[in-house]
> 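Questions regarding the structure given below will be posed in turn.
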Protein chains: 2
Amino acid sequence: MSYETNVFENLHHRMITNGFEHGQKIRAEHLRKEFGCSASTVREALFRLSTLGLVQFQEQRGFRVPQKSRNTLHELSHLRILLESEGAIQSIRQGRVEWEARLNAAHHQLSHIEKRLNETQISEPFIDLWFAAERQFHETLISSCGSDLLIGTHRQIYDRFRQQLMVEDRTFNFVSDNIEHHQQILDAAMSGDEALTQMKIHNHLARHL
Amino acid sequence: MSYETNVFENLHHRMITNGFEHGQKIRAEHLRKEFGCSASTVREALFRLSTLGLVQFQEQRGFRVPQKSRNTLHELSHLRILLESEGAIQSIRQGRVEWEARLNAAHHQLSHIEKRLNETQISEPFIDLWFAAERQFHETLISSCGSDLLIGTHRQIYDRFRQQLMVEDRTFNFVSDNIEHHQQILDAAMSGDEALTQMKIHNHLARHL
DNA sequence: AAATTACAAAATTTCAAAATTATAGCTAAA
DNA sequence: TTTAGCTATAATTTTGAAATTTTGTAATTT
């Protein structure tokens, strides 16, 4: 793996997991010391991230983490509902027992983590586990839709969605609602009811609209 | 405007207007002579294009224009229908007389070009005009949807869609169908019939599914 | 006190050379 | 004839310095 790809993946992850603050200036000249490479290599990675919307680029003024924005969150939620509903519906239509098994497994893991969080309120060591399991659940939900493009686009939106919520994610205020919502989404998908699945996905995200 | 942005925009345009052939290797080392800048600057622009899906990047093997792919076109069409329908529906709901005026203007220009193309079969001088007008019509159709994110995502998909059709676009075989389809989309949108608009968009793109 | 100017420091952008890797062609051995 | 090994060439990746622009601060002017 090349240096640039290493830098890209590292920064990509930190952009959506509160590794940098909203609005923070990202200086290639500083990060090069941390990564032990040239500022040009960091700059390349930042350009890719800017195209993904995870960093804002302004000529001659460098790169900056996007601010939290109520409007951006609204738009991301709306588009995420659209994509995830379509992906889930197509997965219901095209998925097989294998998809159901994977979805149940993903849900099992996620609900296990969320229930632990809900009982103990021990937060910090679980955030990474929760983060990965939440993503895995939603991605598995659409994984049999038959379109890599839809999956990729959904991922792009999901990443930006997570970035907008990266501070709030760490308060864990959402957990009890999530347990219920994720269960409802799973049940609806397992029952093969497309409209119900779409409605449950919408309910899950409606508070951000 | 910086060099890199210049290079990016130039390459971006050529990626979707048959400036390079499907599957062609894109060498920064060669293009630097054309642009009169360093290969590193070209490489930066290519990284951005790769994130947009208009160029494929492979470590140590550089950049390549994506092949034509029946499957990719299918996925792009499906996703484009999804996004464009949603954008059109939201525009119908949220748009005002001003949106209708802009859409009628965009359609007028597009149909004028398409009719000329249909009558005279003079192709080459019109491709750029048609290209711009077709894009303008579809973008205007969704322009009052209230979501910059949806508009931006649609544009990204539309670009890739045009790349897949950039050779076929130059045969002009589609023109008479297009005249009819665009008119139907306009009429449906003007009538405020959401379901009909969605159906007409679907019909317009169904041959690529 | 507020606005403007000048200058130094910091940051950004670009460059082309060095380091590294892939590719192509040739030769020898099996 | 095929395969493996070697070498030269071409291309890719990375580097850090030079060129350019922005930012911050102090001094001056209004």
Side-chain angles (χ1 to χ4, degrees), chain A residues 1-16 18-69 160 163, chain B residues 1-16 18-68 152 160 163:
Chain A
M1 193 182 299
S2 70
Y3 280 11
E4 191 275 334
T5 303
N6 252 325
V7 173
F8 171 73
E9 294 187 353
N10 179 288
L11 290 181
H12 184 284
H13 185 68
R14 287 158 71 180
M15 285 295 157
I16 59 181
N18 212 26
F20 302 104
E21 293 187 1
H22 286 289
Q24 184 175 344
K25 186 82 175 286
I26 306 297
R27 290 182 174 83
E29 185 60 29
H30 289 190
L31 284 172
R32 73 180 181 90
K33 291 168 198 159
E34 178 185 328
F35 289 112
C37 69
S38 156
S40 301
T41 305
V42 178
R43 178 178 167 85
E44 275 185 3
L46 288 170
F47 262 119
R48 289 171 73 185
L49 290 168
S50 79
T51 313
L52 290 176
L54 293 176
V55 154
Q56 285 168 339
F57 169 62
Q58 201 172 6
E59 280 178 25
Q60 305 294 346
R61 284 166 175 70
F63 302 85
R64 198 174 282 275
V65 183
Q67 292 282 5
K68 278 184 73 168
S69 155
R160 289 183 64 179
Q163 183 182 60
Chain B
M1 192 183 299
S2 71
Y3 278 17
E4 190 274 335
T5 302
N6 251 325
V7 173
F8 171 74
E9 294 187 350
N10 180 286
L11 289 181
H12 184 285
H13 184 68
R14 287 157 71 181
M15 285 297 157
I16 59 181
N18 212 25
F20 302 103
E21 293 186 0
H22 287 291
Q24 183 174 343
K25 186 82 175 285
I26 306 294
R27 291 181 171 86
E29 185 59 30
H30 289 191
L31 284 172
R32 73 179 180 90
K33 292 167 199 160
E34 179 186 325
F35 289 111
C37 67
S38 158
S40 301
T41 306
V42 177
R43 178 179 168 84
E44 278 185 2
L46 287 169
F47 261 118
R48 290 171 75 184
L49 290 168
S50 78
T51 313
L52 291 175
L54 292 176
V55 154
Q56 285 168 337
F57 169 63
Q58 202 171 6
E59 279 177 26
Q60 303 295 346
R61 283 163 178 70
F63 301 86
R64 199 175 284 272
V65 182
Q67 293 281 6
K68 279 184 72 171
R160 289 183 63 179
Q163 185 183 57

> Starting from P on C:dA10, measure out to CG on A:L31 and report it in whole angstrom.
18 Å

> With a 4.0 Å cut-off on heavy atoms, is B:S2 in touch with a base, just the backbone sugar-phosphate, or nothing at all?
sugar-phosphate

> Evaluate the side-chain proximity of B:F8 to A:T51: yes if any heavy-atom separation is below 4.5 Å, no if none is.
no

> Any base atoms under 4.0 Å from B:F47, or only sugar-phosphate, or nothing? Heavy atoms, all strands.
nothing

> How does each nucleotide of nucleotides 6-11 of chain D score, in 5' to 3' order, for protein heavy atoms under 4.0 Å: base (B), sugar-phosphate only (S), or none (-)?
-----S

> So if I apply the side-chain contact (heavy atoms from CB on, under 4.5 Å) rule between B:V65 and each of B:R14, B:M15, B:E21, which one comes out positive?
B:M15

> Give the rounded distance in Å between these two atoms: CZ of B:R32 and C1' of D:dT12.
13 Å

> Side chain of B:R64, backbone of B:G23: donor and acceptor closer than 3.5 Å?
yes

> Expressed as a whole number of angstroms, how long is the span from A:N6:CG to D:dT15:P?
12 Å

> Between D:dT12 atom P and B:Q60 atom CD, what is the distance in whole Å?
10 Å

> Return the OG1 to CZ distance between A:T41 and A:R32, rounded to the nearest 0.5 Å.
11.0 Å

> Which value, rounded to the nearest 0.5 Å, describes the distance between A:Q56 atom CD and A:Q67 atom CD?
8.0 Å

> Residues in side chain to side chain donor-acceptor pair (under 3.5 Å) with A:T5, at least two apart?
A:S2, B:E59

> Could you check B:Q58, B:Q24, B:R43 and say which one makes a side-chain contact (heavy atoms from CB on, under 4.5 Å) with B:F63?
B:R43

> Nearest to the side chain of B:F63, which nucleotide is it out of D:dT15, D:dT13, C:dC15?
D:dT13

> Taking only the side-chain heavy atoms of B:S38 (C-beta and beyond), determine which of C:dA16, D:dG16, D:dT12 contains the nearest atom.
C:dA16

> Would one find a side-chain N or O of B:R43 under 4.0 angstrom from OP1 or OP2 of D:dT14?
yes

> Using whole Å, report how far CD of A:E59 lies from C1' of C:dA11.
15 Å

> Over all strands shown, is A:S40 touching base, sugar-phosphate only, or nothing at heavy-atom distances under 4.0 angstrom?
base

> Counting any heavy atom closer than 4.0 Å, what does A:F35 reach on the DNA or RNA strands: base, sugar-phosphate only, or nothing?
nothing

